[in-house]
**Q** 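Handing you a structure now.
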Amino acid sequence: MKRKREAEEGERKKNMEIVWETPANPPQKQDYIFHNGKHYVRPYYFEFISHVNKRWEGKTIVDLFAQEFRGRPYEYYVSAVKSGRIQVDGEIVPVSYIVKRTQKISHFLHRHEPPVMASSVTILEKEPDVLTVCKPASVPVHPCGQYRKNTVVGILHAEHDLAPLLPIHRLDRLVSGLLIFARNPAKADFFRQQIEAGMVKKQYVAKVIGVFPDSERVVDANVDYNAKEGRSTAEVGISNDDTPLKGKAACTKFTRISTNGMYSIVLCEPVTGRTHQIRVHLQYIGHPIANDMLYVSENVIDRSIEGMSADRAAAISQGYQTVSFRKNLEDENQYSSEDFSIDPMCSHCPNLAPNGYDEHEEGLWLHCVRYSGSGWIYKCPYPDWASLS
């Protein structure tokens with residue numbers, strides 16, 4: 001019993017020597033590693049903070065985590081509470097501790113972020129109130145999910161000391177192109193008012209399968225997004241009380257720019273802004289984005305069963321992952337303790353990337369090229385794939 005207490009005390013002392021990061025800690029240049037064409041983040045210790053809500057109240061601290069955060073085994077949470085990796089109101093508590101409403105829960109983790117493709121975030125225009133950049137595919141705009149430093153906002157802060165940055169529109173992680181940031185709340189409100197008033201026009205280019213019609217094509221089809229499956233469907237028809245149309249009204253204009261008989265480059269002008277709107281509207285008219293595995297095929301593995309992203313499930317259903325490829329990824333992600341600290345309680349170590357990240361990933365052939373409103377226009381150069389010559 002004495003040895004057990006000494007071991008726990010030793011672990012607590014070791015934890016006290018760790019520098020824990022919070023959302024207040026900005027990314028630094030030295031936080032990143034470039035390896036095999038990918039942009040990694042050195043694993044770091046991070047404090048996840050939450051507060052006890054009505055549903056959590058009355059549970060033991062271990063049961064709370066085991067039931068609400070099922071990505072780790074029950075035994076891990078027991079060990080984490082005992083070692084002080086999980087705390088309540090800044091204090092170490094016993095595993096039988098029952099949480100109370102509004103209490104602060106801290107979970108201290110060795111955080112591994114998924115890698116992104118190593119393309120740079122290019123600054124296009126830098127004005128006193130506005131910053132525009134060319135966002136590379138695979139990089140999320142701002143912290144979300146597993147991503148915190150490996151984001152456009154994080155990279156711009158680390159490499160150019162640009163903060164705060166307020167994105168005025170959204171680009172999906174696998175989409176590239178123009179991204180506009182307001183540099184103060186007043187400018188962000190200026191853009192917001194124009195967007196809400198329907199004054200902002202958006203243009204994208206896409207590389208699609210087949211010979212796209214040479215006349216303008218307007219698609220009016222509701223977009224119904226299924227969060228469980230991570231994909232949208234297009235719904236058309238007459239809505240009535242007995243059979244209402246699913247999804248939200250959506251409209252996109254398409255114009256062919258060029259074609260080589262196998263692929264076409266298409267200008268896409270979304271009038272509305274629904275999830276995956278351009279992607280699903282192009283699929284609906286028979287010209288899906290050529291490398292969009294999620295919408296090229298109807299036969300996609302259910303990601304809720306496989307426990308993976310929708311795009312990864314689509315890639316697997318197309319047979320793009322092989323055992324040898326996965327083995328190569330496992331080999332290249334092995335690092336020594338000189339590159340980053342190995343945490344004995346971390347389920348991701350000694351790998352640099354987290355377990356289960358999307359191994360086979362490429363940017364979609366969908367690129368934002370222009371945003372305009374009342375009194376302003378911002379543009380982004382076309383990508384290399386938009387040339388069919």
**Q** Using the side chain to side chain contact (heavy atoms under 4.5 Å, CB included) criterion, which residues pair with Val271? Sequence neighbours excluded.
**A** Cys251, Lys253
**Q** Specify whether Tyr76 and His107 have parallel, tilted or perpendicular ring planes, treating 30° as the upper limit for parallel and 60° as the lower limit for perpendicular.
**A** tilted
**Q** Does this structure show an ion pair linking Asp89 with Lys104, if we count only N-O contacts that are shorter than 4.0 Å?
**A** no
**Q** Measuring from Thr272:OG1 to Gln277:CD, what's the distance to the nearest 0.5 Å?
**A** 3.5 Å
**Q** Between the side chains of Arg279 and Asp292, is the shortest nitrogen-to-carboxylate-oxygen separation below 4.0 Å, so that they form an ion pair?
**A** yes
**Q** In a table with atom names and distances, give each donor-acceptor pair under 3.5 Å that connects a side chain of residues 202-217 to protein atoms at least two apart or in another chain.
**A**
{"residue": "Gln203", "atom": "NE2", "partner": "Glu269", "partner atom": "OE2", "Å": "3.2"}

**Q** Could you tell me which residues satisfy side-chain hydrogen bond (donor to acceptor under 3.5 Å, both in side chains) with Lys379, sequence neighbours excluded, listed by chain and number?
**A** none
**Q** Does any donor atom in the side chain of Thr151 or His142 lie under 3.5 Å from an acceptor atom in the other side chain?
**A** no
**Q** Going by side chain to side chain contact (heavy atoms under 4.5 Å, CB included), name the residues that satisfy it together with Pro128, two or more places apart in sequence or in a different chain.
**A** none
**Q** Quick one: list whatever passes side chain to side chain contact (heavy atoms under 4.5 Å, CB included) with Gln87, sequence neighbours left out.
**A** Ile92, Phe108
**Q** The criterion is side-chain hydrogen bond (donor to acceptor under 3.5 Å, both in side chains); which residues satisfy it with Ser106, sequence neighbours excluded?
**A** Glu47
**Q** Give me the one residue out of Tyr45, Phe48, Phe46 that meets ring-ring contact (aromatic ring centres under 6.0 Å, His included) with His110.
**A** Tyr45
**Q** Any salt bridge (Lys or Arg N to Asp or Glu O under 4.0 Å) pairs touching residues 115-135, not counting sequence neighbours?
**A** none
**Q** Take atom OH in Tyr378; do more than 12 heavy atoms of anything else shown fall under 6.0 Å from it?
**A** yes
**Q** Taking Thr259 for its side chain and Gly261 for its backbone only, find out whether a donor-acceptor pair lies under 3.5 Å.
**A** yes
**Q** Atom CZ in Arg274, atom OG1 in Thr252: separation rounded to 0.5 Å?
**A** 10.5 Å
**Q** Is atom CZ of Phe190 surrounded by more than 12 heavy atoms (other residues, nucleotides or ligands) closer than 6.0 Å?
**A** yes
**Q** Do Asn351 and His112 have side-chain N/O donor and acceptor atoms under 3.5 Å apart?
**A** no
**Q** Would you check if the side chain of Asn355 reaches a backbone N or O of Ser347 as a donor-acceptor pair within less than 3.5 Å?
**A** yes
**Q** Can you classify the ring geometry of His276 versus Tyr295 as parallel (below 30°), tilted (30 to 60°) or perpendicular (above 60°)?
**A** perpendicular
**Q** Please output the side-chain donor-acceptor pairs of residues 158-170 that fall under 3.5 Å, not counting sequence neighbours, one pair per line with the distance.
**A**
{"residue": "His169", "atom": "ND1", "partner": "Tyr371", "partner atom": "OH", "Å": "3.3"}
{"residue": "His169", "atom": "NE2", "partner": "Ile180", "partner atom": "N", "Å": "3.1"}
{"residue": "Arg170", "atom": "NH1", "partner": "Asp172", "partner atom": "OD1", "Å": "2.5"}

**Q** Atom CG of Leu178 and atom SG of Cys368: how far apart are they, to the nearest 0.5 Å?
**A** 4.5 Å
**Q** Under the rule for salt bridge (Lys or Arg N to Asp or Glu O under 4.0 Å), what residues qualify as partners of Asp189, not counting sequence neighbours?
**A** Arg192
**Q** Which residues pass the side-chain hydrogen bond (donor to acceptor under 3.5 Å, both in side chains) test with Gln146, not counting sequence neighbours?
**A** none
**Q** How many angstroms lie between SG in Cys346 and CZ in Arg111, if you round to the nearest 0.5 Å?
**A** 12.0 Å
**Q** For the NZ atom on Lys59, are there more than 12 heavy atoms of other groups (residues, nucleotides or ligands in this structure) within a distance under 6.0 Å?
**A** yes
**Q** Suppose we screen for side-chain hydrogen bond (donor to acceptor under 3.5 Å, both in side chains). Which residues come up paired with Thr233, at least two apart in sequence or across chains?
**A** Glu235
**Q** Is the ring pair Phe69/Trp56 parallel, tilted or perpendicular, if the boundaries are 30 and 60 degrees?
**A** perpendicular
**Q** Taking all atoms of both residues into account, what is the closest heavy-atom pair of Ala137 and Met117, and its distance?
**A** O-CE, 3.5 Å
**Q** Could you give the distance from CG (Asn150) to CD (Glu113), rounded to the nearest 0.5 Å?
**A** 5.5 Å
**Q** Considering all heavy atoms of both residues, which atom of Ser232 and which atom of Tyr225 are nearest to each other, and what is their separation?
**A** OG-CD1, 3.2 Å
**Q** What ring-ring contact (aromatic ring centres under 6.0 Å, His included) pairs are there with at least one residue in residues 77-102, not counting sequence neighbours?
**A** Phe65-Tyr77
